[in-house]
Amino acid sequence: MKKNLDEWLSFLESNHPTEIDMGLQRVQTVAQRLNLLKPANKVLLVAGTNGKGSTVTMSSQILQAAGKTVGSYMSPHLHVYNERVRINSEPVSDECIIESFEAIDQARQEISLTYFEVGTLSALYIFKKYAVDVAVLEIGLGGRLDAVNIVDADGAAVTSIGLDHQDWLGSDINQIAFEKAGVFRSQLPAVCGQRNPPQTLIDHTQSINARLCIKGVDFDYTKMAATWDWRGVDEHGNHKVLNALPLPSLPIENAATAIQLLVLMFPELRQDEIENGLVKAQLDGRLQRFTAPFNGVMDVGHNPQAAQLLNEDLAARPITGKRYGLLAMLKDKDAESVVKQFDQIDIWYVAGLSGYRGQTVAELADKVADAIDVKGQYDTVAGALASLQEQVDVTDEVVVFGSFVTVAQAQAWLSQY
């Protein structure tokens, strides 16, 4: 009897002995059997500690504005698995994913694959089947040994470099930079959105003779009140400027990185296409504003770099009332370092998250006790939001953040309004 999508996902979650199993040999072998290593005419990779989803989304929208069919792959999802695999920004159907899972299950034979490895192969299978012009693929963890890195890529970006996934990548920023630089390819565009990146990234890029462009050196931007200017280099290394671009709803740091990669890979792109793509680019759960039943913003950020960006966004939007922070995080994240990034939150609430990586509100409150004064503790995100509804007024703003799970639960609660 055929499995439905939920049954397939449950099967994949339990079919491999570990959730993460670093290394490319198993997944590469199955990809070769299915001829998936080149899933599109042009393949872009996006790695980094933060900003991957924004960069993938803006790149995809710009390319769509240029008339290309674009497949994009990101993880994790907020509500349904299909959000991970999109063609021209639309999630693919259950039937499409099930067909890919069936083909992969048959092709793998004796090889055991993780949930993420099957998901990656599924995206490549779907993009190949539907003959997309460009595949824009987010690296899930690290770079060099991530399953996505098996593809024959035509260019890559590393958006940022920070401490995250230390259990797998280590706590040495130089080693993490080297791992992320593993997505770069010899002779091809290699864009780094991190200013002053660790030397290990530069050394590796030079050792493979990739065409490295670094933010703050080869490209940068200037933000004005209502527009921004981008400056960088074209495919010949010549200076290129784009003036009076529309401000995106997603972080401008990532927009600048996306544009540099696209200018190198698609020199035929016009400024109006870039502008149209920037305007249309939206990403659920990233700096996402809401106005009912009270004013707020939610963000999936879960590490110090993401927290710093969120705090900068808040600082750029002063309000007359108070800001209430609602934090809920998974237990393997550095909650204390995250809250230390904020000077724009007046009153702090924390909430618990269930699940195998979740933690109770008491555990989270204990982790942040030395850094912030916690005014309210709630077992669930929904409980905290219900309480806040009774306290805030129209001049206040609620800031909900800490993980994809946090934002998904907040969106579920907010959907009643």
Side-chain angles (χ1 to χ4, degrees), residues 37-48 51-74 86-89 123-124 127-128 131-139 143 148-159 180-194 201 205 208-215 217-221 230-242 245 248 250 253-278 280-281:
L37 295 180
K38 189 70 173 180
N41 183 45
K42 291 284 188 180
V43 180
L44 286 64
L45 296 180
V46 180
K52 299 187 295 292
S54 297
T55 304
V56 168
T57 300
M58 287 186 279
S59 298
S60 299
Q61 286 289 357
I62 291 169
L63 291 168
Q64 285 170 233
K68 300 184 186 299
T69 302
V70 183
S72 60
Y73 176 53
M74 296 184 290
R86 299 172 184 260
I87 295 179
N88 283 352
S89 302
L124 304 182
F127 297 156
K128 183 116 182 183
V132 301
D133 299 318
V134 187
V136 187
L137 311 175
E138 178 190 297
I139 295 287
V148 178
N149 201 35
I150 62 173
V151 297
D152 180 10
D154 299 282
V158 171
T159 58
K180 294 188 187 304
V183 303
F184 294 147
R185 303 291 193 264
S186 177
Q187 308 289 332
L188 297 176
V191 175
C192 180
Q194 175 75 47
L201 179 140
T205 310
I208 63 171
N209 199 26
R211 294 163 55 192
L212 180 62
C213 288
I214 301 174
K215 183 182 289 173
V217 178
D218 304 288
F219 72 100
D220 216 328
Y221 68 90
W230 178 90
R231 57 192 179 276
V233 294
D234 65 15
E235 76 277 20
H236 302 299
N238 298 320
H239 189 59
K240 184 178 179 70
V241 176
L242 300 172
L245 294 170
L250 299 171
E253 288 276 355
N254 304 324
T257 301
I259 290 172
Q260 180 59 82
L261 181 61
L262 295 181
V263 163
L264 292 173
M265 294 186 62
F266 302 91
E268 71 278 10
L269 275 178
R270 304 192 310 265
Q271 178 161 342
D272 65 300
E273 294 166 341
I274 292 172
E275 291 175 354
N276 290 339
L278 289 175
K280 291 179 180 178

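The first residue of the sequence shown is numbered 1, and numbering continues consecutively from there.
- Without hydrogens or angle criteria, S54 side chain to N254 main chain gives no donor-acceptor distance under 3.5 Å.
- Within the 4.5 Å cutoff, the side chain of D234 has no heavy atoms near those of the P267 side chain.
- Here the shortest heavy-atom pairing between I62 and I259 reads CD1-CG1, 4.4 Å.
- To the nearest 0.5 Å, atoms CG (L188) and CZ (R211) are separated by 7.5 Å.
- Contact record, V56 with E138: CG2-CB, 4.0 Å, taken as the closest heavy-atom pair.
- Counting heavy atoms from C-beta on, the side chains of V233 and F219 never come closer than 4.5 Å.
- In this structure, A65 and E273 approach most closely via the heavy-atom pair CB-O, 3.4 Å.
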Legend entry - Audit row: V46, I139, side chain to side chain contact (heavy atoms under 4.5 Å, CB included) steps and yes/no: CA-CA 6 Å; V46 180; I139 295 287; over 6 Å; no
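- Taking each heavy atom of N149 and G182 in turn, the nearest pair found is ND2-O, 3.2 Å.
- The salt bridge (Lys or Arg N to Asp or Glu O under 4.0 Å) check on D133 picks up nothing, with sequence neighbours excluded.
- Distance OG1/T69 to CG/N88: 5.0 Å, rounded to 0.5 Å.
- Taken from OG in S72 to CG in L44, the straight-line distance is 11.5 Å, to the nearest 0.5 Å.
- Side-chain contact check for L212 versus L201: some heavy-atom pair is nearer than 4.5 Å.
- With sequence neighbours excluded, the residues forming a side chain to side chain contact (heavy atoms under 4.5 Å, CB included) with A281 are T57, M58, Q61, L250, listed by chain and number.
- With R185 contributing its side chain and V183 its backbone, the two residues share a donor-acceptor pair below 3.5 Å.
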Legend entry - Check against side chain to side chain contact (heavy atoms under 4.5 Å, CB included), Q187 and N209: CA-CA 6 Å; Q187 308 289 332; N209 199 26; 2.8 Å; yes
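- For the residue pair P189 and M265, the shortest heavy atom distance occurs at CG-CG, 4.0 Å.
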Inset, instruction - Apply side chain to side chain contact (heavy atoms under 4.5 Å, CB included) to the pair V132 and K68, showing each step before the final yes or no. - result: CA-CA 8 Å; V132 301; K68 300 184 186 299; over 6 Å; no
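- Of the possible polar contacts, none joining the W230 side chain to the L242 backbone as a donor-acceptor pair under 3.5 Å is found.
- Atom CG of D152 and atom CG of L45 lie 10.0 Å apart (nearest 0.5 Å).
- A heavy-atom distance below 4.5 Å is found between the side chains of L137 and V151.
- Test K215, E253, Q260 against Y221 for side-chain hydrogen bond (donor to acceptor under 3.5 Å, both in side chains) and you get one pass: E253.
- Here the CD atom belonging to E275 is positioned 8.0 Å from the CG atom belonging to L278, to the nearest 0.5 angstrom.
- K42 places none of its side-chain heavy atoms less than 4.5 Å from the side chain of V70.
- One distance of note links CG of N238 with CD of E235; it measures 8.0 Å at 0.5 Å rounding.
- Closest non-hydrogen pair, T257 versus A157, comes out as CG2-CB, 4.1 Å.
- A 4.5 Å side-chain heavy-atom check between V43 and V134 finds every atom pair outside the cut-off.
- In this structure the side chain of L262 reaches within 4.5 angstrom of the side chain of S59, judged on heavy atoms.
- V148 has its side chain within reach of Y73: a pair of non-hydrogen atoms, C-beta onward, lies under 4.5 Å apart.
- With sequence neighbours excluded, no residue forms a salt bridge (Lys or Arg N to Asp or Glu O under 4.0 Å) with K280.
- A salt bridge between R231 and D218 is absent, with no side-chain N of the basic residue lying under 4.0 Å from a carboxylate O of the acidic one.
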